[in-house]
Amino acid sequence: ERNAVLEVKMGEVKIQLNTDELKELNNRGTDLYFKVVPIKDATEQSKLGTNTKANGAVMEIAKSLGNGVAVPQGVPYTVETNYSGFNTKLLVPFTGMTIPTENRAAFLASLRVYIEHTDGTKEAKGGTIVYKDGIPVGIEITIDRFSSFQIFSVEQPKANTASPKTGSIIDFTTILALGALLMLTG
């Protein structure tokens, strides 16, 4: 017997099963089926993005990375197959993402994948950034079932540097102060 690995590439998505999983699937007589669908519908993307930001595991990751905020990145994917319970490597591509040149290493280190499984469970996973010719192309995670996948980054909230004098932001305290000033002069 040889040590075989099955690698399926569909577009930019890559699915990989190792020898042990292949043997077990073969022993069970499983004919493998894969379907990879990029989620292009704006409503579905928005729903998955909202779910990503609201997920407890995602919020914990964001908090642990300096009280950051989760920001959905790129095109999410749905991957369907006819098996579960077998460790499978999945490369989720950076399709539709802009990788910054400034602070690139920190951005890449913040990337995670939010997963909505078909059984209703949800989780967030870290992975390994995969490079091709020195360019980051995706994040590889290990899964045991298939679902919908959304890459997200953890970004630090931007400091509010606007001044009330510029007219761009007036908060409640400023309104109260202006009201008191008007009463004194009025």
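Computation of the quantities below employed the complete heavy-atom set of this structure, encompassing side-chain atoms and omitting hydrogens, waters and symmetry-equivalent molecules. Counting from 1, the numbers follow the sequence of the chain as shown.
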With a 6.0 Å cut-off (strictly less than), is the heavy-atom count around NZ of K53, excluding the residue itself, greater than 12?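 12 or below, so no.
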To the nearest 0.5 Å, what is the distance between [atom1] on [X] and [atom2] on [Y]?
| X | Y | atom1 | atom2 | answer |
| --- | --- | --- | --- | --- |
| K40 | T95 | NZ | OG1 | 9.5 Å |
| L17 | E24 | CG | CD | 12.0 Å |
| I135 | F94 | CD1 | CZ | 12.0 Å |
| Q16 | T88 | CD | OG1 | 9.5 Å |
| L48 | Q150 | CG | CD | 5.0 Å |
| D20 | L25 | CG | CG | 11.0 Å |

Is [X] reaching over with its side chain to a backbone N or O of [Y], donor-acceptor style, under 3.5 angstrom?
| X | Y | result |
| --- | --- | --- |
| N103 | A106 | no |
| N82 | D31 | yes |
| S84 | R145 | no |

What are the two closest non-hydrogen atoms of [X] and [Y], and how far apart are they?
| X | Y | value |
| --- | --- | --- |
| Y131 | P136 | CD2-N, 3.5 Å |
| L6 | L22 | N-CD1, 3.5 Å |
| A70 | F152 | CB-CD1, 3.9 Å |
| G127 | I141 | CA-CG2, 4.0 Å |
| E44 | D41 | N-OD2, 3.0 Å |

Are [X] and [Y] packed together at the side-chain level, in the sense that at least one heavy-atom pair is separated by less than 4.5 angstrom?
| X | Y | value |
| --- | --- | --- |
| I61 | L65 | yes |
| Q73 | V71 | yes |
| V113 | I115 | yes |
| K125 | F149 | no |
| N87 | N18 | no |
| L108 | R104 | yes |

Examine the side chains of [X] and [Y] and answer whether a donor and an acceptor come within less than 3.5 Å of each other.
| X | Y | answer |
| --- | --- | --- |
| S153 | R112 | no |
| N51 | E116 | yes |
| T78 | S148 | yes |

Could you tell me whether F146 and Y83 have their ring centroids closer than 6.0 angstrom?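 Judged by ring-centre distance (under 6.0 Å), F146 and Y83 do meet the cut-off.
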Checking side-chain hydrogen bond (donor to acceptor under 3.5 Å, both in side chains) between S147 and each of E80, H117, K122, which is the one that passes?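 For S147, the side-chain hydrogen bond (donor to acceptor under 3.5 Å, both in side chains) test succeeds with only one of E80, H117, K122, which is H117.
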